[in-house]
There are 2 protein chains.
Amino acid sequence: MALGANRRPDGDDLEIIEPLCAVFRRRLKSEGAKYTPERAEVLDAIVRIEGIFEAEDLLERLQAEGRRVSKATVYRTLKIMQDAGIVQRVLSVGDQARYQLAYGRAGTDQLVRLDGGRVESIEPPGLKALCEQVCAQRGVKYQGHRLQVFATAPERGG
Amino acid sequence: MALGANRRPDGDDLEIIEPLCAVFRRRLKSEGAKYTPERAEVLDAIVRIEGIFEAEDLLERLQAEGRRVSKATVYRTLKIMQDAGIVQRVLSVGDQARYQLAYGRAGTDQLVRLDGGRVESIEPPGLKALCEQVCAQRGVKYQGHRLQVFATAPERGG
DNA sequence: CTTGGTGCAAACATTTTGCAGCACA
DNA sequence: TGTGCTGCAAAATGTTTGCACCAAG
């Protein structure tokens with residue numbers, strides 16, 4: 001289901017879809033851009049992925065679902081969404097660009113399960129202060145930070 | 001100056017070059033690989049860069065200095081060094097893979113200048129402990145972490 | 001000598017871009 | 001109705017690989 005049309009109030013993602021969609025439309029309008037079905041599809045897919053994804057994940061997912069969205073459009077939309085603050089590039093462990101939903105969800109800090117790929121938000125106490133301190137020491141202005149903590153399931157027989 | 005030959009005890013990088021070179025040679029030998037002049041050049045360039053670099057930085061630098069090392073060799077050497085733990089990939093802000101010396105130096109945490117793109121390594125005190133604590137609380141095994149702190153030049157008139 | 005390494009250029013994978021027709025505002 | 005958007009495929013990166021000759025051990 002695309003975002004703009006036929007939205008029903010019973011989806012469990014709606015709490016996030018609704019405002020996100022609005023943010024996106026507002027942003028698009030503010031720069032004279034259009035809210036097209038393709039862009040809605042992309043946003044919808046991103047929301048449903050619920051985690052970190054690559055451009056190709058989106059493309060595969062959309063095509064597997066029979067959506068008619070081209071590679072070029074996925075990349076173009078992703079770029080717009082980055083500028084709009086809807087998605088953000090996250091730290092990549094490997095080669096490709098990876099993104100995550102940046103709106104409505106979470107802080108910027110994550111616990112990444114290396115076994116399975118699940119990602120959850122964390123809020124380590126005092127982290128922001130620590131980062132601000134680093135900046136203060138170097139005489140630069142703190143603008144933000146992002147932390148990934150990597151973990152695996154605890155050992156059983158070890 | 002390549003690493004293996006003509007080393008003199010007055011260089012200020014030697015304290016790091018020496019053991020690194022040894023580590024590299026040992027590693028190469030352990031897998032039946034050879035210690036070639038090209039590999040020495042690459043290692044030398046990496047040490048002299050003293051920070052985060054991309055493959056192309058190495059290539060440019062080497063070629064600007066008249067070293068005869070090809071792109072392919074730079075990439076191949078970089079891969080070997082990664083496996084050997086001599087360099088590590090670090091978080092990329094843009095598109096390309098970035099590396100830094102992983103031996104004797106620095107961790108994975110960075111201060112990213114949003115104005116200009118400079119990246120430098122930082123070591124916020126207690127960060128690792130904080131991350132380990134997060135893992136402990138969730139009952140997972142800490143495997144590592146990565147932090148990026150974003151900053152801009154301090155305001156002057158604001 | 002043998003085995004692995006090098007440079008080159010072609011192959012690759014990912015992301016970007018030019019163009020002609022199409023659809024949103 | 002006009003401007004921007006789409007898909008396609010070609011171009012543009014950044015990285016890897018095949019091959020013939022060369023060098024380290």
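Every chain is numbered from 1 and lettered A, B, ... according to where its sequence line falls, protein lines coming before strand lines. Owing to the predicted nature of the structure, the values given are computational and were not obtained by experimental measurement. Worth knowing before you read on, the calculation uses all heavy atoms, side chains too, and leaves out hydrogens, waters and symmetry mates.
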Nearest heavy-atom neighbours spanning [X] and [Y]:
X: A:P124; Y: A:L147; answer: CG-CD2, 3.9 Å
X: A:L62; Y: A:A45; answer: CD2-CB, 3.8 Å
X: B:R67; Y: B:E41; answer: NE-OE1, 3.2 Å

Find the distance [X]:[atom1] to [N]:[atom2] and express it as a whole number of Å.
X: A:E41; N: D:dG7; atom1: CD; atom2: P; value: 10 Å
X: B:I80; N: D:dT15; atom1: CD1; atom2: C1'; value: 15 Å
X: A:L78; N: C:dT16; atom1: CG; atom2: C1'; value: 13 Å
X: A:Y35; N: D:dT3; atom1: OH; atom2: P; value: 24 Å
X: B:K71; N: C:dA10; atom1: NZ; atom2: P; value: 11 Å
X: B:L28; N: D:dA24; atom1: CG; atom2: C1'; value: 12 Å

For the [atom1] atom of [X] and the [atom2] atom of [Y], what is their distance to the nearest 0.5 Å?
X: A:L111; Y: B:Q137; atom1: CG; atom2: CD; answer: 11.0 Å
X: B:E54; Y: B:I49; atom1: CD; atom2: CD1; answer: 10.0 Å
X: B:Y142; Y: B:L130; atom1: OH; atom2: CG; answer: 10.0 Å

Using modelled atom types and a 3.5 Å cut-off, is there a donor and acceptor pairing between side-chain atoms of [X] and backbone atoms of [Y]?
X: A:T77; Y: A:T73; result: yes
X: A:D109; Y: A:E123; result: no
X: B:R39; Y: B:K34; result: yes

Per A:T73 side chain, nearest of listed nucleotides C:dG5, D:dG7, C:dG7: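 Among the listed nucleotides, the one closest to the side chain of A:T73 is D:dG7.
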Under 4.0 angstrom between A:T36 side-chain N/O and D:dG4 OP1 or OP2: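 No, outside the criterion.
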Phosphate-side-chain proximity, A:R39 and C:dC24, N/O vs OP1/OP2 below 4.0 Å: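 It does not, given that no N or O in the side chain of A:R39 lies less than 4.0 Å from OP1 or OP2 of C:dC24.
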Nearest-nucleotide comparison on DNA chain C, the residue closer to the 5′ end among B:G32 and B:V69: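 Looking at the nearest nucleotide for each, B:G32 comes out on the 5' side.
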Check ion pair B:E65-B:R48 (N to O, under 4.0 angstrom):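 Yes.
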Neighbours of DNA chain C within residues 53-64 of chain B, by heavy-atom distance under 4.0 Å: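 Per residue number, the list is empty: none.
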Axis deviation across the helix from C:dC1-D:dG25 to C:dA25-D:dT1, five-pair ends, to the nearest 10°: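 The end axes of the helix from C:dC1-D:dG25 to C:dA25-D:dT1 are about 40° apart, to the nearest 10°.
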Sequence-aligned protein contact record of nucleotides 17-23 of chain D, with B where the base is within under 4.0 Å of a protein heavy atom and S where only the sugar-phosphate is: BB----B
Mutual orientation of the aromatic rings belonging to B:F24 and B:Y35 [parallel < 30°, tilted 30-60°, perpendicular > 60°]: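 The rings of B:F24 and B:Y35 stand perpendicular, inter-plane angle above 60°.
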